Amino acid sequence: MARRGKSIIKGIEIDEIITVLNKAYADEWLAYYQYFIEAKVIKGIMKDAAIAELTLHAADELRHANLVADRIIQLGGTPLLNPNEWFTHTNCGYEEPKNFDVVSILKDSIKGEQCAISIYSQIAEMTRNKDIVTYDIVSQILADEVEHEEDLQALHDDITEFIEDIKKNMR
Ligand code: FE
Ligand code: FE
Ligand code: MG
């Protein structure tokens with residue numbers, strides 16, 4: 001990393017930042033693929049609304065992977081080079097879609113977002129007042145993950161309420 005950019009990082013080891021960012025990088029790729037494939041296989045009531053949301057989130061996760069990779073390189077590190085490493089470095093794992101119905105898919109995704117929120121808030125705590133640039137990047141990503149959870153939960157609640165209404169009217 002270039003000298004002046006490095007000199008503003010204080011009270012934290014650069015290698016430690018690179019390690020946590022690489023773990024987040026693995027999470028982002030797995031999250032990207034999870035949304036990508038969920039949007040393909042999802043079935044059932046109001047699935048078009050869900051597909052629209054999942055597709056937007058996939059694009060956001062890929063954008064996050066980009067931001068994190070660029071920061072790792074700026075810090076003098078190397079982003080994970082082999083997709084096999086995504087599974088050994090991930091914090092949040094990969095939730096393989098088992099049940100393709102809209103409600104199950106949304107529940108899987110909400111779980112992933114909750115994990116992402118925990119991880120990015122930890123990295124924000126860790127870098128606050130120590131590495132301002134990483135702190136700023138992870139804070140932006142954290143705001144997106146909070147929005148993702150909110151969007152998915154709202155959609156999940158609308159759909160489950162709609163299903164309940166249909167059941168009531170059938171009685
Ligand atoms: Fe993300
Ligand atoms: Fe997300
Ligand atoms: Mg959204």
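Owing to the predicted nature of the structure, the values given are computational and were not obtained by experimental measurement. Start at 1 and go down the list; that is how both ligands and their atoms are numbered.
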Open item on the list: Do K40 and F36 form a cation-pi contact, if we require the NZ or CZ to be under 6.0 Å from the six-membered ring centre and within 45 degrees of the ring's axis?
Closed with: yes
- [ ] Verify, without hydrogens or angle tests, whether N82 (side chain) and E85 (backbone) share a donor-acceptor contact under 3.5 angstrom.
- [x] no
Open item on the list: Around the Fe ion (ligand 2), how many protein N, O or S atoms are found at less than 2.8 Å?
Closed with: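 Step by step: take the Fe ion (ligand 2), keep protein N, O, S below 2.8 Å, and you get 5.
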Can you confirm whether the side chains of [X] and [Y] place a donor and an acceptor under 3.5 Å from each other?
| X | Y | result |
| --- | --- | --- |
| H148 | E53 | no |
| W29 | Y33 | no |
| S139 | D136 | no |
| Q34 | E95 | no |

- [ ] Scan for side-chain hydrogen bond (donor to acceptor under 3.5 Å, both in side chains) pairs involving residues 153-165, sequence neighbours excluded, and state none if there are none.
- [x]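 Counting only pairs at least two positions apart or across chains, the side-chain hydrogen bond (donor to acceptor under 3.5 Å, both in side chains) contacts touching residues 153-165 are Q153-D157.
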Open item on the list: Counting only heavy atoms not in I132 (residues, nucleotides, ligands), do more than 12 fall under 6.0 Å from its CD1?
Closed with: no
Task: Atom CZ of F100: over 12 foreign heavy atoms under 6.0 Å - done: yes
Open item on the list: Run the salt bridge (charged side-chain N to carboxylate O under 4.0 Å, His left out) test against D131 and tell me which residues pass, sequence neighbours left out.
Closed with: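 By the salt bridge (charged side-chain N to carboxylate O under 4.0 Å, His left out) rule, D131 matches R71.
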Task: Residue and atom names of protein N/O/S atoms that fall under 2.8 Å from the Mg ion (ligand 3) - done: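 Protein N/O/S atoms under 2.8 Å of the Mg ion (ligand 3): E53 OE2, H57 NE2, D151 OD2.
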Open item on the list: For the Fe ion (ligand 1), give me the closest N/O/S atom belonging to E28, just the atom name.
Closed with: OE1
